[in-house]
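Right, one structure below, let's go through it.
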Amino acid sequence: MGFEELLEQVGGFGPFQLRNVALLALPRVLLPLHFLLPIFLAAVPAHRCALPGAPANFSHQDVWLKAHLPREPDGTLSSCLRFAYPQALPNITLGEERQSHGELEDEPATVPCSQGWEYDHSEFSSTIATESQWDLVCEQKGLNRAASTFFFAGVLVGAVAFGYLSDRFGRRRLLLVAYVSTLVLGLASAASVSYVMFAITRTLTGSALAGFTIIVMPLELEWLDVEHRTVAGVLSSTFWTGGVMLLALVGYLIRDWRWLLLAVTLPCAPGILSLWWVPESARWLLTQGHVKEAHRYLLHCARINGRPVCEDSFSQEAVSKVAAGERVVRRPSYLDLFRTPRLRHISLCCVVVWFGVNFSYYGLSLDVSGLGLNVYQTQLLFGAVELPSKLLVYLSVRYAGRRLTQAGTLLGTALAFGTRLLVSSDMKSWSTVLAVMGKAFSEAAFTTAYLFTSELYPTVLRQTGMGLTALVGRLGGSLAPLAALLDGVWLSLPKLTYGGIALLAAGTALLLPETRQAQLPETIQDVERKSAPTSLQEEEMPMKQVQN
């Protein structure tokens, strides 16, 4: 008898599992609140050089600014330069007439903003870009982008640590560590007195939040039977969408970056209390030889699900026999993901897929400009479009399979990026439609990746495998904001890069084995014993088993 048979006796899908999904909803909501926070936290409002002595009369300000600020090629006043000496109004008028006739003239000398900047506070009262003494604009705009890169670099490192430690010390214990660390470091970030302090604390916060990304999905799946993994996986992923939409509301209500950061961090406090009711993974306990504790959790599951269990077939001795076949002889390591041929193939393909999923998703999500909507409307729209994408995933993974869904959603993302390259910048409505379609496909790819990857790795290495893929994925997430700076080389280069990587990931996803209707592997041997997948066999799998 294996664990699947034990789970069938106590109930593989019932009130116990639904309560577990509900208790683990909070981390799902918190993740987008932090991961997409730079949209508001690091927003750069309209700005210009601070010019002491500006006239109080508003009607004279426009003329006065023209005398002090040069114009950009598009005709707007410069945000980063000022004239070394104020220009007389007749000279300005004459210069504009000469430029309109294409005549050349000696350009007046310009200098950087030596006395700081003045910002438009109509949309944001304060962001890290406008923070006093930071001024992350113009020459310092790279530091503004780097803040997101530092954060995702922290997620990258945290994914490695939490993946290994949760396989060694348990899911529930490390989830507590993630909650407490996120709360403490988030409060420290909100109280930052310098950019260096902010960068360090946000990097460490990213490391703590990685625990949520690594632990939550496997902890849910390891209590579910085969037939209900899909519906539970898609259901739990809708909490991410809720977080995306909630961020638009919170960002609209709270315009100061410190209070905004505080608002998305404090919910960790009730999350810590909720862990009292979150069960440890019985699968993991059995692989570690903790039979008594696993038996206690299984009986608790049976009682909540209203399942009567036979004392003889479900005694502690019977559970011990299951544990004997699944117990891990030695501690897992990341090298185990590459020691055997099949696991090595799965791991290499997964890292490419996860890099492409993260790189394209955050490349699209963090760029909310040029769509003809304000930042709050765009964020709300991007969140709302994720709901139908969940339905797409739910239907597709059940009937088309995980592999084709993963490849298809990534291909849709790539096509959305590619088509936007062909649309003129003046056609904002078409650009908005394509951006929304790309967001839907990229979210669908993200949802599928979590479900698919969790099913590919055995229980003894599931967290380690998720840690590896999340590591490489967050590398893609950390590079996405920096790739946006490629527009200085060629305006279309960022979109071309995002789309090209998504297309590569789509092709790689087709090389992975199908997991639809497959039992979760418990050991490395279970993975290696499986014959190479044949698409014909996978397509002929009976559909009736997936009905809920």
Side-chain angles (χ1 to χ4, degrees), residues 2-4 156 159-171 213-215 217-219 221-222 226 229 281 283-289 322-357 401-404 406-407 448-475 504-505 507-538 541:
F3 184 82
E4 295 293 341
L156 183 153
V160 179
F162 277 100
Y164 174 76
L165 293 174
S166 59
D167 269 340
R168 182 162 186 176
F169 299 107
R171 283 62 162 138
T213 68
I214 298 300
I215 296 170
M217 176 63 87
L219 187 54
L221 291 183
E222 288 172 359
V226 175
R229 288 204 306 262
S281 167
R283 290 179 189 266
W284 177 83
L285 290 170
L286 291 178
T287 62
Q288 304 301 308
V322 176
E326 299 184 357
R327 186 168 183 177
V328 179
V329 179
R330 62 183 181 82
R331 299 296 182 186
S333 73
Y334 283 98
L335 291 177
D336 291 327
L337 299 174
F338 300 94
R339 292 186 194 277
T340 54
R342 190 170 177 81
L343 263 180
R344 182 166 55 246
H345 172 81
I346 288 172
S347 298
L348 291 174
C349 290
C350 280
V351 297
V352 175
V353 169
W354 271 75
F355 183 91
V357 167
R402 276 66 160 158
R403 180 177 57 185
L404 289 178
Q406 187 71 80
T448 308
Y450 271 106
L451 176 65
F452 195 14
T453 308
S454 295
E455 295 177 340
L456 286 168
Y457 286 109
T459 300
V460 295
L461 286 173
R462 186 163 296 122
Q463 297 295 88
T464 306
M466 291 293 290
L468 173 69
T469 54
L471 181 153
V472 180
R474 298 317 173 194
L475 176 62
L504 174 63
T508 305
L510 294 173
L511 302 178
L512 287 166
E514 181 57 74
T515 60
R516 179 164 57 95
Q517 289 302 297
Q519 290 189 350
L520 286 179
E522 304 293 342
T523 65
I524 296 175
Q525 290 74 23
D526 290 342
V527 176
E528 296 301 323
R529 274 199 298 265
K530 290 182 180 179
S531 60
T534 59
S535 58
L536 180 60
Q537 292 174 342
E538 291 164 359
M541 281 185 173

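Along the sequence shown, residues are numbered consecutively beginning with 1. We use all heavy atoms of the structure for the numbers below, so side chains are in, but hydrogens, waters and symmetry mates are not.
- Panel note: side chain Arg462, backbone Ser454; a donor-acceptor pair is recorded below 3.5 Å.
- In this structure, Arg402 contributes its side chain and Thr453 its backbone to no donor-acceptor pair below 3.5 Å.
- Residues Gln406 and Val357 are in side-chain contact: their nearest non-hydrogen atoms beyond the backbone lie under 4.5 Å apart.
- Residues Ser347 and Tyr457 are in side-chain contact: their nearest non-hydrogen atoms beyond the backbone lie under 4.5 Å apart.
- Here the options are Leu461, Ile346, Leu456, the test is side chain to side chain contact (heavy atoms under 4.5 Å, CB included), and the partner is Val527; only Ile346 passes.
- Proximity of a side-chain donor or acceptor of Arg171 to a complementary backbone N or O of Ser166 within less than 3.5 Å is detected.
- Residues Leu512 and Cys349 form a side-chain contact, since some pair of their non-hydrogen atoms from C-beta on lies under 4.5 Å apart.
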Is there a salt bridge (charged side-chain N to carboxylate O under 4.0 Å, His left out) between Glu455 and Arg516 once you walk through the steps?
CA-CA 9 Å; Glu455 295 177 340; Arg516 179 164 57 95; over 6 Å; no
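- We find the CD1-CG distance between Ile214 and Leu219 to be 13.0 Å, quoted to the nearest 0.5 Å.
- No side-chain heavy atom of Asp336 sits less than 4.5 Å from a side-chain heavy atom of Leu343.
- Between Trp354 and Phe452, the gap from one ring centroid to the other reaches at least 6.0 Å.
- Closest approach of Ala505 and Val352 over heavy atoms only: CB-O, 3.9 Å.
- A heavy-atom distance below 4.5 Å is found between the side chains of Glu528 and Pro341.
- Leu468 is listed as a side-chain neighbour of Phe338, based on a closest heavy-atom distance under 4.5 Å.
- Using a 4.5 Å cut-off on side-chain heavy atoms (C-beta onward), Leu504 and Phe355 make no contact.
- Between the CG atom in Leu511 and the CZ atom in Arg403 there is a gap of 9.0 Å [rounded to 0.5 Å].
- The distance from the CG atom of Leu348 to the OG1 atom of Thr508 is 10.5 Å, given to the nearest 0.5 Å.
- Put simply, the side chain of Arg344 does not reach to within 4.5 Å of the side chain of Arg339, judged on heavy atoms.
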